Structure formats: C-alpha cells, structure tokens
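What you see is a predicted model; the values in this text were computed from it and never measured.
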Amino acid sequence: MNARIIVVALVAAVIGGVVGVLGYTWVVGGSGEASAPIAAPTLDVNAIPTLNPTQAFAAVTQVAELSTQVAELQSEVDTLNAAAQSTPEMETTEAVMEEATEEAEIAEATEEPPVVEATGTRNLYRINGESSEVTFFLQEDLRGVRTDVVGTTNEVAGDIILDFANPSASQMGTIRINARTLATDSEFRNRALRAEILQSSSDDYEFIEFAPTAINGIPDSIEVGETYPVEIVGDLTIAGQSNPATFTADVTIDSEEQISGTATAIVLYADWGISIPNAPGVANVTEEVTLTLDFVADQVSE
C-alpha cells in the first residue's frame with residue numbers, strides 16, 4: 001500500500017512538473033503580436049555610397065601607386081634643382097620647360113582618386129512586407145514521425161539602392177525581422193519559440209537583424225528584366241548575439257519601380273547560443289536551420 005502511494009505520488013509530481021513547464025511556456029510565450037509596425041534603418045539615395053571591400057582595396061592600391069610616382073618625380077625635380085643651382089650659367093630654356101613639365105606631372109599624380117558620386121541613376125527601393133516573407137526551416141521527430149517545421153512572417157523591412165550607372169556602388173541596408181511574429185503550425189511551438197528558443201517575447205530580443213557588409217558578384221552593368229545572382233555577406237543578430245552569415249541571392253529587376261528576389265542562408269542555431277528545450281514527443285531536432293527571405297521592394301520617391 002505504501003509503495004503504491006509512493007508511485008502515485010511520483011507520477012503526480014512528474015505530471016505536475018510537466019504541466020507547470022507547459023503552463024509557464026504558454027504564459028511567457030505571449031500572443032505573438034508585434035510591439036510596433038516593422039521598420040528598419042533607412043538609406044539615403046543622395047548620399048555618396050561607402051566603398052565596398054573590392055572598391056576600397058582598389059582605391060588603396062591606386063593611392064599607393066600614386067604615392068610612389070610622386071616620390072620618384074620629386075626626386076627627379078630635386079636633382080634638376082640641384083644641378084641648376086650649381087651651374088646656373090648652364091640652365092637653358094629646355095631645362096626650364098622640363099622642370100615645369102615635371103612639376104605638372106607631380107600635381108596631376110597627387111590629385112585624389114575620383115570618388116563615386118550619387119547620380120540620378122541611383123534608385124532607392126524599400127521592402128514591401130505585405131508582398132514579402134521570411135521563412136525558417138528545420139526538421140524534428142514529432143511523436144516518432146519525421147516532421148518539417150516551417151516558421152513564417154511578413155514582418156520584415158529594409159532598404160536597397162541600385163546604381164544603374166555604377167552597379168558596384170549599389171547598397172543594401174539593415175534587414176530587420178520581427179521574430180516575435182514567426183509562426184509555425186503549432187501554437188505551443190510558437191510560444192516555445194517566443195518564450196525560450198528565440199526569447200522574442202522579451203522586448204530586447206524582439207527583432208532579428210542582418211547588417212550587410214559586402215555584396216559580391218555584382219555585374220558591371222544591370223538592366224531591367226534581368227536576374228542577377230549575388231552573395232551578400234554580413235552580421236546576423238539573433239537573441240542578442242551576432243555572427244557572420246552569408247546569403248546567396250537571386251535579384252530580379254522587374255522594372256525601374258520594383259525589384260524582387262530570394263536570399264537564402266544555412267546556419268547552425270547553436271552558434272547563436274540557441275538551444276531547443278525538452279518537450280514531450282519532440283526529439284532529434286536538426287542543428288541546421290535554413291533561413292529564406294522572399295522579397296518584393298518598391299521604389300521610394302524622393
């Protein structure tokens with residue numbers, strides 16, 4: 001009798017503990033409503049764009065070459081000046097003209113390399129959340145069945161600048177996603193995402209952000225109606241932690257007024273300090289997560 005009572009008590013304690021955890025997750029997970037309309041830092045189409053790493057390397061190389069030329073020309077001028085001072089009677093019109101030519105070359109060589117200037121060919125596009133979607137994908141065993149887990153939201157924002165005259169000067173601003181609004185086919189899973197996994201129920205971690213640092217593979221010319229594959233490198237911040245991430249993207253210039261595309265990256269959630277809590281019936285969650293942004297961006301009038 002006593003043994004039976006002990007077993008019953010243990011079972012009750014386990015059930016109570018599970019119910020308590022589930023109840024905590026349900027309450028802390030919240031409703032999944034955004035705290036405010038989604039918005040991201042904006043880009044200024046009239047500002048002189050920052051050089052990307054390729055352009056910056058080329059500019060540094062050019063400056064170094066010019067500095068060498070200046071030093072060589074200055075040395076030659078110094079030699080000519082010394083010769084003229086030691087034998088002034090030998091100075092001729094030809095020597096004077098040669099010295100003037102050398103000085104002109106120095107002046108030309110010391111000119112700063114041209115910078116990329118904003119022109120009327122730079123168009124600003126802003127992601128349209130109603131026509132865009134962010135998706136994450138992974139797999140898990142749910143009650144013994146291998147299951148695809150897909151979470152989506154259209155709470156995404158960000159700016160893109162295309163420079164039709166100088167495509168390498170195109171830019172992408174910070175992409176911001178409201179992680180609190182990511183939803184799967186299970187409300188309990190959604191609340192677990194918000195309460196424990198992404199912690200997006202906290203105002204501090206409501207947003208996921210991707211800050212691009214380079215766009216690789218931009219062609220020398222771009223045209224309306226064409227699709228271009230690019231690689232977007234940047235810093236991805238999830239639940240307050242940042243790590244480098246690379247998205248492969250196909251961007252289509254639908255018209256001068258609209259662009260669209262798909263960008264995808266595969267990440268390991270553990271790299272961001274994220275762990276999957278134990279849940280009844282859930283096992284073998286994949287370590288890799290596929291992140292996808294399907295976007296439509298409309299031109300912003302000045």
S.K.: Answer yes or no: is there a donor N or O on one side and an acceptor on the other, between the side chain of Thr181 and the main chain of Ala179, under 3.5 Å?
M.R.: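 Pair absent, no side-chain N/O of Thr181 close to backbone of Ala179.
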S.K.: As an exercise, state the distance from CG of Asp141 to CG of Asn284, rounded to the nearest 0.5 Å.
M.R.: 4.5 Å
S.K.: Is the closest side-chain heavy-atom distance between Val289 and Phe137 below 4.5 Å?
M.R.: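 A side-chain contact is absent here, since even the closest heavy-atom pair is not under 4.5 Å.
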S.K.: Looking at OG1 of Thr184 and CG of Leu193, how far apart are the two atoms once the value is rounded to the nearest 0.5 Å?
M.R.: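 Going from the OG1 atom of Thr184 to the CG atom of Leu193 covers 6.5 Å.
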S.K.: Looking at every non-hydrogen atom in both residues, tell me the closest pair between Leu293 and Ile127 and how far apart they are.
M.R.: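 Minimum heavy-atom contact is CD2-CD1, 4.5 Å.
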S.K.: If we ignore hydrogens and angles and just use 3.5 Å, is the side chain of Asp159 paired with the main-chain N or O of Leu43 as donor and acceptor?
M.R.: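 Confirmed, Asp159 side chain pairs with Leu43 backbone.
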S.K.: Without swapping roles, check the side chain of Thr237 against the backbone of Ile208 for a donor-acceptor pair under 3.5 Å.
M.R.: no
S.K.: Using a distance-only test with no angle check, is there a side-chain donor-acceptor pair under 3.5 angstrom linking Ser242 and Asp235?
M.R.: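 No pair is found: no donor N or O on one side chain lies under 3.5 Å from an acceptor on the other.
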S.K.: Is the backbone N or O of Ser201 less than 3.5 Å from a side-chain atom of Arg180, with the two atoms forming a donor-acceptor pair by type?
M.R.: yes
S.K.: If I compare all heavy atoms of Ala165 with all of Thr121, which pair ends up nearest, and what's the gap?
M.R.: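 Minimum heavy-atom contact is CB-OG1, 3.2 Å.
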S.K.: Side-chain contact test, heavy atoms from C-beta onward, threshold under 4.5 Å: evaluate it for Glu206 versus Asn178 and give yes or no.
M.R.: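 Yes; the side chains approach each other to less than 4.5 Å.
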S.K.: With a 3.5 Å distance limit and no angle check, can you tell me whether Thr286 reaches the backbone of Gln139 through a side-chain donor-acceptor pair?
M.R.: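 Checked: pair present.
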S.K.: Quick one: does Asn243's side chain have a donor or acceptor within less than 3.5 Å of a partner on Asp271's backbone?
M.R.: yes
S.K.: For Thr262 and Asp294: C-alpha separation, side-chain torsions, deciding distance, then whether side-chain hydrogen bond (donor to acceptor under 3.5 Å, both in side chains) applies.
M.R.: CA-CA 5 Å; Thr262 298; Asp294 293 307; 2.7 Å; yes
S.K.: Could you report the tightest heavy-atom contact between Arg194 and Leu182, atom names first, then the distance?
M.R.: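 Arg194 and Leu182 have their closest heavy atoms at NH1-O, 4.5 Å.
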S.K.: Can you check side chain to side chain contact (heavy atoms under 4.5 Å, CB included) on Asp298 and Val300, steps first, answer last?
M.R.: CA-CA 6 Å; Asp298 300 319; Val300 178; over 6 Å; no
S.K.: Side chains of Gln171 and Arg122 only: does a donor on one sit below 3.5 Å from an acceptor on the other?
M.R.: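 The answer is yes; a qualifying pair exists.
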S.K.: Do Val134 and Leu291 make a side-chain contact, defined as non-hydrogen atoms from C-beta onward lying under 4.5 Å apart?
M.R.: no
S.K.: Nearest 0.5 Å, what's the OH-CD1 distance between Tyr125 and Ile160?
M.R.: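 Between atom OH of Tyr125 and atom CD1 of Ile160 there are 9.5 Å.
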S.K.: Decide side-chain hydrogen bond (donor to acceptor under 3.5 Å, both in side chains) for Asp254 and Ser260; before the verdict, give the C-alpha distance in whole Å, the side-chain angles of both, and the deciding distance to 0.1 Å.
M.R.: CA-CA 7 Å; Asp254 301 310; Ser260 61; 2.8 Å; yes
S.K.: Is the shortest heavy-atom distance from the side chain of Tyr269 to the side chain of Ile238 under 4.5 Å?
M.R.: no
S.K.: Hey, does Glu226 have a side-chain heavy atom less than 4.5 Å from the side chain of Ile253?
M.R.: no
S.K.: If I take atom CE from residue Met172 and atom CG from residue Leu162, how far apart are they, to the nearest 0.5 angstrom?
M.R.: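 It is 9.0 Å, given to the nearest 0.5 Å.
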S.K.: Ignoring hydrogens and angles, tell me if any N or O in the side chain of Ser170 forms a donor-acceptor pair with the backbone of Pro167 under 3.5 Å.
M.R.: yes
S.K.: Is any side-chain heavy atom of Thr135 closer than 4.5 Å to one of Val150?
M.R.: yes
S.K.: Do Ser132 and Asn154 make a side-chain contact, defined as non-hydrogen atoms from C-beta onward lying under 4.5 Å apart?
M.R.: no
S.K.: Can you give me the closest heavy-atom contact between Trp272 and Val267, atom names plus distance?
M.R.: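 Closest approach of Trp272 to Val267: CZ3-CB, 3.6 Å.
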S.K.: Atom CD in Glu133, atom OG1 in Thr152: separation rounded to 0.5 Å?
M.R.: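 One finds 5.0 Å between CD of Glu133 and OG1 of Thr152.
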S.K.: Rounded to the nearest 0.5 Å, how far apart are CD of Gln258 and OG1 of Thr252?
M.R.: 10.5 Å
S.K.: Taking the side chain as every heavy atom from C-beta outward, state whether Ile161 and Asn123 have any atom pair closer than 4.5 Å.
M.R.: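 They are not in contact (no side-chain heavy atoms under 4.5 Å apart), so the answer is no.
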